[in-house]
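What follows is a single structure, and I will ask about it in a moment.
Just so you know, ligand 1 is whichever comes first in the structure, and atom 1 is the first atom listed for that ligand. Quick note: residue numbers are just sequence positions, from 1. Side chains included, hydrogens not; waters and symmetry mates left out as well; all remaining heavy atoms used.
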Amino acid sequence: MSGAGYDLALDQAAEALSAAKRVLVLSGAGISAESGVPTFREAQTGLWARYSPADLASPEAFAKDPERVWAWYHWRRSLIARGGPNAGHHALTEMANLKSLQIVTQNVDGLHQAAGSRRVAELHGNIWRERCSACDFHRLVPMAEAEGDGLVRCPDCGALLRPAIVWFGEMLPATALAAADEALAAADCVIVVGTSNQIYPAAALVDRAVAGRAPVVEINPEDTPVSRRVTHRLAAPASRALPALVAHLTT
Ligand code: APR
């Protein structure tokens with residue numbers, strides 16, 4: 001989207017955001033795309049166009065070939081650390097200085113927190129968190145230590161550590177889901193950014209948002225299953241639309 005259509009949609013979305021007190025942001029891989037972190041479902045560049053989720057992001061894959069799974073996650077950590085947060089992440093940190101803002105993300109890259117966002121609920125875990133496959137040991141690895149490689153073992157019991165990520169077939173963390181429910185009930189504006197809205201239960205939050213009373217702003221260069229049902233559609237990259245929305249709030 002460009003020109004008058006985008007400008008009008010941006011003005012209308014900014015008005016809805018300006019009138020809001022409590023903003024909920026539902027983010028997906030697209031907000032990190034401009035940090036050089038591949039999304040999942042985009043044709044050719046998406047991770048699932050090149051790798052099979054079943055071979056890399058499931059408990060069975062980890063049991064079968066933990067070295068391969070760790071190599072993939074070490075590679076993804078190095079991309080995330082190299083790219084760092086982009087203007088879209090930083091705009092949300094700035095927005096949180098102007099509005100009560102809760103981020104609920106499907107992303108595991110930790111880039112919202114790296115940009116300074118504090119209220120971040122992670123539905124799918126965090127690639128920088130590791131937990132023991134046998135005891136309750138867990139730790140957060142600083143992004144600066146991204147250049148890891150090989151298997152990682154528990155310092156307490158010696159069993160394998162695994163990325164503290166929700167793999168296919170696993171339950172989402174109850175705390176993150178509870179935070180999402182609470183924020184959805186309280187929100188008087190919802191921003192859906194960078195998600196194809198195809199993966200449940202995360203996508204159910206978007207369905208509930210578009211069925212609710214609060215205005216919903218979708219930021220995505222491509223159409224998604226909810227694009228026709230949102231209140232305001234900004235067909236633009238996150239690193240362009242989010243700073244523009246914040247600029248409207250501060251003028
Ligand atoms: N700005 C905003 N959106 C973008 C940008 C950008 N610069 N670039 C791409 N997008 C959009 C794409 O158009 C697409 O709709 O981001 C979306 C990414 O969709 P997916 O790759 O499906 O990622 P996501 O929706 O986050 O996937 C959800 O699926 O595999 C699981 O656990 C994984 O958390 C992931 C979940």
Residue portion contacting ligand 1 (non-hydrogen atoms closer than 4.0 Å) for Phe168: side chain
Top protein contact for atom 6 (C) of ligand 1, by heavy-atom distance: Gly30 O, 3.2 Å
For Pro237, atoms of ligand 1 separated by under 4.0 Å from a heavy atom: 1 (N), 6 (C), 7 (N)
Atom 25 (O) of ligand 1 - nearest protein heavy atom and its distance: Thr195 OG1, 2.7 Å
Transitive ILVMFWY side-chain link Leu101 to Leu249, under 4.5 Å: yes
Common cluster, Val210/Tyr200, ILVMFWY with side-chain heavy-atom separation under 4.5 Å: no
Atoms of ligand 1, numbered as shown, that sit under 4.0 Å from any heavy atom of Gly194: 2 (C), 3 (N), 16 (O), 17 (C), 18 (C)
Pair Arg119 + Glu182, salt bridge at N-O below 4.0 Å: no
Any N/O pair Thr224/ligand 1 closer than 3.5 Å: no
Check: Glu34 N/O within less than 3.5 Å of ligand 1 N/O: yes
Single-linkage hydrophobic cluster, 4.5 Å side-chain cutoff, Ile31 and Val246 together: yes
Neighbour count >12 (heavy atoms, 6.0 Å) for atom CZ, Arg50: yes
Atom 31 (C) of ligand 1 [closest protein heavy-atom partner, distance rounded to 0.1 Å]: Arg41 NH2, 3.4 Å
For Gln106, the ligand 1 atoms whose distance to one of its heavy atoms is below 4.0 Å: 28 (C), 34 (O), 36 (C)
Ligand 1 to Ala29 polar contact by distance, N or O atoms, under 3.5 Å: yes
Ile199 N/O to ligand 1 N/O under 3.5 Å: no
Whether Pro221 lies under 4.0 Å from ligand 1, heavy atom: yes
Enumerated ligand 1 atoms positioned under 4.0 Å from heavy atoms of Gly28: 26 (O)
Nearest neighbour in protein (non-hydrogen) for atom 11 (C) of ligand 1: Asn220 OD1, 3.4 Å
Using residues 163-170 as the side-chain source, report each donor-acceptor pair under 3.5 Å to any protein atom, sequence neighbours left out, with the distance given to one decimal.
residue: Trp167; atom: NE1; partner: Tyr73; partner atom: OH; Å: 2.8
residue: Glu170; atom: OE1; partner: Arg162; partner atom: NH2; Å: 2.9
residue: Glu170; atom: OE1; partner: Trp167; partner atom: N; Å: 2.8
residue: Glu170; atom: OE2; partner: Arg162; partner atom: NH1; Å: 2.8

Per-atom contacts, ligand 1 versus Ala33 - under 4.0 Å to a heavy atom: 8 (N)
Closest non-hydrogen atom pair, Ala20 against Cys189: CB-CB, 3.5 Å
Distance from atom 32 (O) of ligand 1 to nearest protein heavy atom, with residue and atom: His124 ND1, 3.3 Å
Which residue and heavy atom of the protein sit nearest atom 1 (N) of ligand 1, plus the separation: Ala238 N, 2.9 Å
Pi-cation contact, Trp72 with Arg76 (under 6.0 Å, within 45°): yes
N or O contact, Phe40 vs ligand 1, cut-off under 3.5 Å: yes
Non-hydrogen atom of Ile31 closer than 4.0 Å to ligand 1: no
Minimal non-hydrogen separation, Arg41 against Ser196, with atom names: CD-OG, 4.0 Å
Options Ser196, Ser35, Ser227, ranked by nearest heavy atom to atom 20 (P) of ligand 1, top entry: Ser196
Results of salt bridge (Lys or Arg N to Asp or Glu O under 4.0 Å) for Arg22 - residues two or more places apart only: Asp188
Distance filter under 4.0 Å to Glu222 heavy atoms, resulting ligand 1 atoms: 13 (O)
